[in-house]
Amino acid sequence: MGFYSRYVLPGIIDVAMRNEECARLRAAWIRRARGDVLEVGIGSGLNLPFYSPAVRSVCGVDPSAELQRRARERAAGRPFPVKLFQQSAEEPLPVPEASVDTVVVTWTLCSIPDPRRALERIRRALKADGRLIFLEHGRAPDAAVAAWQDRLTPLWRRIGGGCHLNRPVDQLVAAAGFRMLELQAGYLPGPRPMTYTFQGLAEPRQPGLEL
Ligand SMILES: C[S@@+](CC[C@H](N)C(=O)[O-])C[C@H]1O[C@@H](n2cnc3c(N)ncnc32)[C@H](O)[C@@H]1O
């Protein structure tokens with residue numbers, strides 16, 4: 001990992017992810033987390049102020065040491081314990097299987113090299129009645145926008161810490177064994193290839209209960 005990825009990019013991410021639109025979506029969705037929470041790609045901890053008193057604990061994983069340093073500062077003084085682990089979500093997660101009430105993943109599935117593997121680990125970490133809350137940008141339904149997303153992604157990945165513009169987030173979540181309970185998708189303000197956003201709530205599908 002070079003100087004840019006280690007020190008420059010985390011600062012850019014921290015500032016970029018503090019924008020008003022992200023804050024609006026965080027306020028709408030993160031308060032719905034309950035119990036023991038696993039936050040995947042916790043970054044600089046920008047969701048932490050939005051958790052409600054219904055949260056018992058937060059465990060955050062993220063490979064970036066610099067972002068975790070900022071998350072640790074934001075965790076100080078929260079009314080729930082926050083544990084941070086420096087790792088990829090593709091690795092075994094630091095929680096027992098079927099132990100988590102809510103998994104939160106925001107603007108992160110775009111950057112995980114193997115999102116399928118990460119989502120499978122997330123599903124296994126959730127209790128049977130657990131919930132996945134996700135806010136993610138991804139592949140637009142408009143062919144012209146999607147074509148731009150495909151064109152731009154190779155360059156965007158290089159400057160954006162592995163970020164893909166063109167991942168079909170809803171399909172990835174469903175394919176990893178989740179049932180969608182709520183899903184909203186649409187463009188946020190800004191350039192359309194970067195802003196098509198999926199907001200959703202999903203639960204792990206129970207084996208044998210569905211066709
Ligand atoms: C755009 S930032 C979003 C951070 C945070 N979730 C937020 O909403 O502000 C993307 C995050 O994904 C993290 N990330 C990248 N690769 C990852 C991986 N393999 N596993 C888990 N997180 C990863 C980055 O370190 C970064 O914190």
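Residues: numbered from 1 along the sequence shown. Order of listing sets the numbers, starting from 1, for every ligand and every atom in it. These numbers were taken from a predicted model, which means no experiment stands behind them.
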*Could you name the protein residues that come within less than 4.0 Å of ligand 1, counting only heavy atoms, and order them by chain and residue number?*
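Only I13, M17, R26, G41, I42, G43, L46, D62, P63, S64, L67, S88, A89, E90, T106, W107, T108, S111, I112, P113 have heavy atoms that fall under 4.0 Å of ligand 1, ordered by chain and number.
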
_For the CG atom of D142 and the CD atom of Q149, what is their distance to the nearest 0.5 Å?_
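So the gap between those two atoms works out to 9.0 Å.
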
Hey, is the main chain of [Y] close enough, under 3.5 Å, to the side chain of [X] for a donor-acceptor pair?
| X | Y | answer |
| --- | --- | --- |
| D14 | G11 | no |
| R34 | T102 | no |
| R205 | F178 | yes |

Which side-chain N or O atoms in residues 103-115 pair as donor and acceptor under 3.5 Å with protein atoms at least two apart or in another chain?
unit_1: T106; atom_1: OG1; unit_2: N47; atom_2: ND2; d: 3.0
unit_1: T108; atom_1: OG1; unit_2: G41; atom_2: O; d: 3.4
unit_1: T108; atom_1: OG1; unit_2: T106; atom_2: O; d: 3.0
unit_1: D114; atom_1: OD1; unit_2: R116; atom_2: N; d: 3.3
unit_1: D114; atom_1: OD1; unit_2: R117; atom_2: N; d: 3.1

*Would you please classify the geometry between the F198 ring and the Y196 ring as parallel, tilted or perpendicular, with 30° and 60° separating the classes?*
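Correct class here is perpendicular.
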
